[in-house]
Each structure stands twice: as structure tokens, then as C-alpha cells.
Amino acid sequence: MKTLRIEDLTVEIAGKRVLGGVNLEVPEGETHVLLGPNGSGKTSLITSILGFPSCHILSGKIRFNGTDITTMPTDERVKLGIGVAFQNPPQIRGVKLGDVLRHLTRRKFDEVKLAGTTNIPVDFFGRDLNLGFSGGELKRTEILQLLAQRPDFAIFDEPDSGVDVENLEVIGKAINEFLKNRSGLLITHLGHILRYLKVDKAHVMFYGTIACSGKPTNIINRIMKKGYKWCERCPKVKRLH
Amino acid sequence: MPKGKKTTLNAIEKPAAFGPDLDLGAFKRETSPWPPCTISTLPEDIVQRALSVGISTEEKERAGTYFQIDHSAILQTIRKTFSGKAEIMTTGEALKKYRWAKEYWWKIVAADTDKFTALAKLKWDQGYFIRVLEGQKITIPLQACLFISKDNFNQNVHNLIIAEPNSEAQIITGCTVHPNVQSGLHVGISEFYVKKNAKLTFTMIHNWAQNFNVRPRTAALVDDDATFVSNYMCMKPVKSLQMYPVAYCKGANSRVRFNTILHGNQNSHLDVGSKVVLQGKGSRGEIITRAIASDNAQINARGLLVGEHEDSKAHLECRGLLLSDEAFIHAIPELVGKVKGTELSHEAAVGKIAEEQIQYLMARGFSETEAESLIIRGFMDTSIFGLPDVLKKDTERMIDATFGGAL
Ligand SMILES: Nc1ncnc2c1ncn2[C@@H]1O[C@H](COP(=O)(O)OP(=O)(O)OP(=O)(O)O)[C@@H](O)[C@H]1O
Ligand SMILES: [Mg+2]
């Protein structure tokens, strides 16, 4: 049961309620897409799933494969098989991308082959983590690390933002291939990457909660055409406001 | 009495501009001399400590060796392959052998600077003379070890290093004490002369004891097209260490770089800085400091760039990492522009490990401890120093020994 199940999750970050009563389930083998306007709480949900200490859980539960992980330290959750490609990864001076990749792959890896999966030049392995990486390079190295990590449940926080057309195809296909026998959750704004991916369900986040869920094509097409204004008219969202 | 002697005598009471003041009378001067010996016949306990400061006992790894214990110079050798290319002897011998040597003696460090320079002048205990002859490129490092074997002892060395025109060399100096030594005072005067188009890389590694006091006084004069690189590393406890070496970029296109790695731990008080004075046309300077403070350590990390030529440029970068709430780091970068056209800049940052970085690495499966040690190890990344390979390996070995090795 490689299933992520979030029940009625309410979270505060820096004294601010960022999530209120989130319910979400991603069953084994499925990939879901999470949409929602800026600041609606998507990234906060991811850091809560990872158990970052900044996310204070006021109520609710997070279960993974049946285990209650709500209070588990981050590295243990990762050992259970959760992995994240971050939207805004921090820079770490002196720590090389190669150091992390060696750790993730237990030392042995074919540099050229691995780098090729997201079209990253091999010399990036000797560079300080995320320092001076361009927007697209940041995304591609994040995805690269996640692919090397091989989690059962892979979360991608805006993997396509700032990525050019050619690279979008490269990472889209790489992610799709990777998710073939895994489960995943993917956050995107414009949905371009969905051209290359098979997703099973879409959710829309509003004011820190999942306001609606359904067939990806329907939801995405509406939002792309009419924007989140369309969602604002939804009685469910109105109630949240 | 000559005037010089008198001002020196007066300075013996004069506290240093920085660092805690010390009572010079508190340390012993008497000792019995050590007999000369070879590096392979040194006692094992001394060898172990020497290794900890980058000294190699493998003859083939070094071009030459100077070894001094307390007041006795026990060993000065140049390997056969390098004879006629470089010279190593005590500074006493050098002053006797070469009449011109006095032109370099107490010329860029003033004996009346403070009580420590005065002490080194009045109670001088040798030190090394290393000279790289004109046009010679010494491909493997020369090394010098200054060792103290007795507790509560005072050693005052005065070193003279000359890189003749078009020469190139690396020197490693390791300063340390016997494991039985707890306290004491080491004063080291070093005068460097890097002549036209010469390149000298000087790496000094210190490993003292908890109650030990250290007062190096260093200056370098860098001529046209010459390069002086000074690397300094102190990772082990010391009671107080205060130094503020200066390099004068006197020549046109002269280059100076100071790289410093400090780890203050226990109750260490470190007051360490570097100064670069840009005097020549096209002169360039760079100061890079990494300081880590744990336990109750106090670190003042200073840096001063002085631009005296309109075509000159220098940059100072100081990063401090606090690993304890009781530790403290004061970064004091200073820029003095004396003419228009000089370009001086600095960058300083002091803080603890960012929680965000630890979380990020934990999300990649590192444990909290692994993440911290990876970040600390990265903070001490020596690749930015551009060290020659031999030195890089040595310094990395030492950093790994202190902060845990590769994961
Ligand atoms: N550490 C923090 N301190 C203060 N506010 C925070 C913090 N972290 C998140 N927030 C706030 O919580 C809200 C949700 O932020 P979050 O990053 O989860 O949004 P998001 O849906 O991922 O947005 P985007 O689409 O822009 O990435 C925002 O209003 C944000 O400013
Ligand atoms: Mg976000």
C-alpha cells in the first residue's frame, strides 16, 4: 500500500494558519496534480508531508503506507519512500551536487548517464548546491536528485516553472518514465508538463484547503481558460472565503 | 646604547594593539639544548605531533626540512636534488654567512611594535632562513617545524624567507607542542621577501594546547610581477592567538592572497586578521577567511585592505559559522582607499547553520548529524583557496580529522 493519505490536516507556519482541514488521498500507482493560486498553501502542504519543524500541525493526520507519520522526523519519512523536488531549494556553499548524488545513489553512479536524464552538464556535479544555478537549471538538478533518490512516492513542486520548451520535453518524459511504477503528486501552474505525463486526478487548493478534485483535463482546461476567477464563483470556495 | 636597542627595551612593556595582554615574566626561558638529529630518528611522540601540522617525515615528500625544538635547531637539510636551488639554515647562521642578510632583518617588522616583537629581539631563539635561489622552481614543498617540548615555556623565533627573482616554491610551516605541554608562549617573527616575478606559497598550520599563547608577527614585501600566497590554518584549542600579518604589494602587478581557516573551540580566544597594502601599479590582493566557533570560543576575524595606488584592486571575504550559543565571532573588515581609482570591496557574513539547509538535506535522506557535518565540511571547502595538490590533501585530511570525514 504505497498510499499517501492526509486527513483533516491543519497547519500553522510562523504563527500563520497556512493549511486548514486538508483531505487528500493519492492511492498506490496513481499520480495526482495539485493546482491553486499563489500563496494558497501548496508548498506548505509539501513541507508538512515532509515534516519540516517549521510546520506546526494543529490537528489532523498524515499516513503513508498505513503508517502514521504525522510526528516522524523528516529523514525517517524519506527512508519510508517519500521524496520531493523543491520549488525553491536553498543554496549550500561548499556542498557539491555530486556529494548529494553520491549519497543518494550509495556512491556508485554513471555520471554521464545520470546527468543526461535531465540534460545537466556533468561539470555541475562539482558545483556548489544551487549556487548560481539558473532558474531552469535549478529545476532540472532538483528533478535529477529526486530521480537518483528513487522514492516510491515522488512529489514535484512546480518542476516546469521557468523551464524552456526543449527541456520541458526532456524532464516531462523523464518524470513520466520514472512515475510508471510509482505514485506521485505534482504541482504546476500552467500544466504544460502534463502533455508528457499521465495523471489520474487533479485537486485545486484554495485558502489552505482542497476546494475541489476531479478529472485532470476538465479542471485544468477550465482554469487555463477562465483562471481562478472561475473557481472563486464556486459555492465551495465562496464558503471558504 | 644605540637608539634601536633603547626603543626596543621601552617596547617590552607595550601591550599589543589587539588580543589579551600577557605577563611575559610568567613563562620559563631556561632549557637544556636538544642534540642535532635526523628526521627518521626523532622520538615518536614528537613525530606524531609534527604530522598533525603538515610536517612530513617521508624524505621524498619534501625538498628540505628545518626542525627546531625549544631553542635548538636540530635539523636543517636540503635534499641532494635541490641543493644549489634552495638554502635552509638558522637565521643566526644566515646573518653570519651573508653580510647582506641584515638588509632584510627587522626591516618590515619593527622591533618596537609591541612587547612581543621586543621580546623576540631581546630574547631571540633562532628560527629559519629559507632562500629560494634565482630562477629556481622547487616542485615539492620545503618544510619547517617549530616545536615546543616543555610546559610553560617561551620560544621566540625570527624567520627570514627570501624568494629570489623568477623563483617558485611552496613552504609548509607547522608549529606545535609536545602532548605534555599545556601552557606557554610562542612568538614568531617572519619577514618574507618575494622578489621580481617570484612565486611563493606559504602554508602555516598551528596545533597548540589549551593554555598556550601565540603571537606571530609577519610581514611580506612583494616585488614586481611577484605572487605571495599565505595559507593559515588553526583548528585546535589554544588559550590566545593574536596575529595580523601584512603584505605590501610594492611591485607593479604584484599579487597577494591570504587564505585563513580557523576553528575556535573550547575557550580559545582567536584574534586573527590579514592586511594587504596595495602600493604598486596593477597590484591585486585577496583575503579569504573561514571561521568556525564552537563551545565558548571567541573569534575576532579582521581584514584590512589599503589602496595606495590608483590602479589597484583587492577583495576581502570573511565568513563565520557559529556552532554554539556561547561562542562568538566578530568580523571586522576594513577598507582604506587613499587614492581615487583603487577598487576595494568586502563581503562578510556571520551566522549559524541555516535550518533550511539542514531540512533540505534531510529531505534527501541525510540524518540531521550527517547534514550538519556536510554543511560544515562544505563551509570549510578548501577548493576556493586554490591550493597546490599536496597541500590540498594535507589540509583536507586535517579538516576531516576535526569535523568528520566524507560521508
Ligand atoms: N515561513 C513562513 N513565514 C511566513 N509566511 C509563510 C511562511 N511559509 C509560508 N507562508 C505563507 O503561507 C502561505 C502559503 O504559502 P505556500 O508557499 O504554501 O504557497 P503556494 O501555494 O506554494 O504558492 P506558490 O504558487 O506561489 O508557490 C503564503 O501566504 C505564504 O506567504
Ligand atoms: Mg509553492
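In what follows, chains are A, B, ... by sequence order, proteins preceding strands, each numbered from 1. Computed from a predicted model, the values in this text were never measured in an experiment.
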| Under 4.5 Å from a heavy atom of chain A, the part of B:Leu361 involved |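 For B:Leu361, side-chain heavy atoms alone lie under 4.5 Å from chain A.
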| For B:Ser383, is it the side chain, the backbone, both or neither that has a heavy atom under 4.5 Å from a heavy atom of chain A? |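 The side chain, not the backbone.
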For the student: nearest non-hydrogen atoms of [X] and [Y], plus distance:
X        : Y        : result
B:Met362 : A:Asp75  : CE-OD1, 3.4 Å
B:Tyr360 : A:Asn130 : OH-ND2, 3.3 Å
A:Gln149 : B:Ala363 : NE2-O, 3.5 Å

| request: Let me know if A:Gln91 has heavy atoms under 4.5 Å from chain B in its side chain, its backbone, both or neither. | output: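 For A:Gln91, the contact with chain B is made by the backbone alone.
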| message | Less than 4.5 Å to any heavy atom of chain B: does that hold for the side chain of A:Val100, its backbone, both, or neither? | response |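 Contact with chain B is through both the backbone and side chain of A:Val100.
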| task | Starting at CD1 of A:Ile92, measure out to CG of B:Asp381 and round the result to the nearest 0.5 Å. | result |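 Here the interatomic distance stands at 13.0 Å.
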| query | Atom OG1 in A:Thr47, atom CD in B:Glu356: separation rounded to 0.5 Å? | reply |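 Between A:Thr47 OG1 and B:Glu356 CD, I get 11.0 Å after rounding to 0.5 Å.
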If you count the non-hydrogen atoms of other residues, nucleotides and ligands that lie under 6.0 Å from [atom1] in [X], is the total more than 12?
X        : atom1 : result
A:Asp164 : CG    : yes
B:Arg397 : CZ    : yes
A:Lys96  : NZ    : yes
B:Lys352 : NZ    : no

| Does any non-hydrogen side-chain atom of B:Phe366 lie less than 4.5 Å from one of A:Val78? |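 They are not in contact (no side-chain heavy atoms under 4.5 Å apart), so the answer is no.
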| task | Name the member of B:Glu355, B:Arg319, B:Arg364 that forms the most heavy-atom pairs with chain A at distances under 4.5 Å. | result |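 Among the listed options, the one with the most contacts to chain A is B:Arg364.
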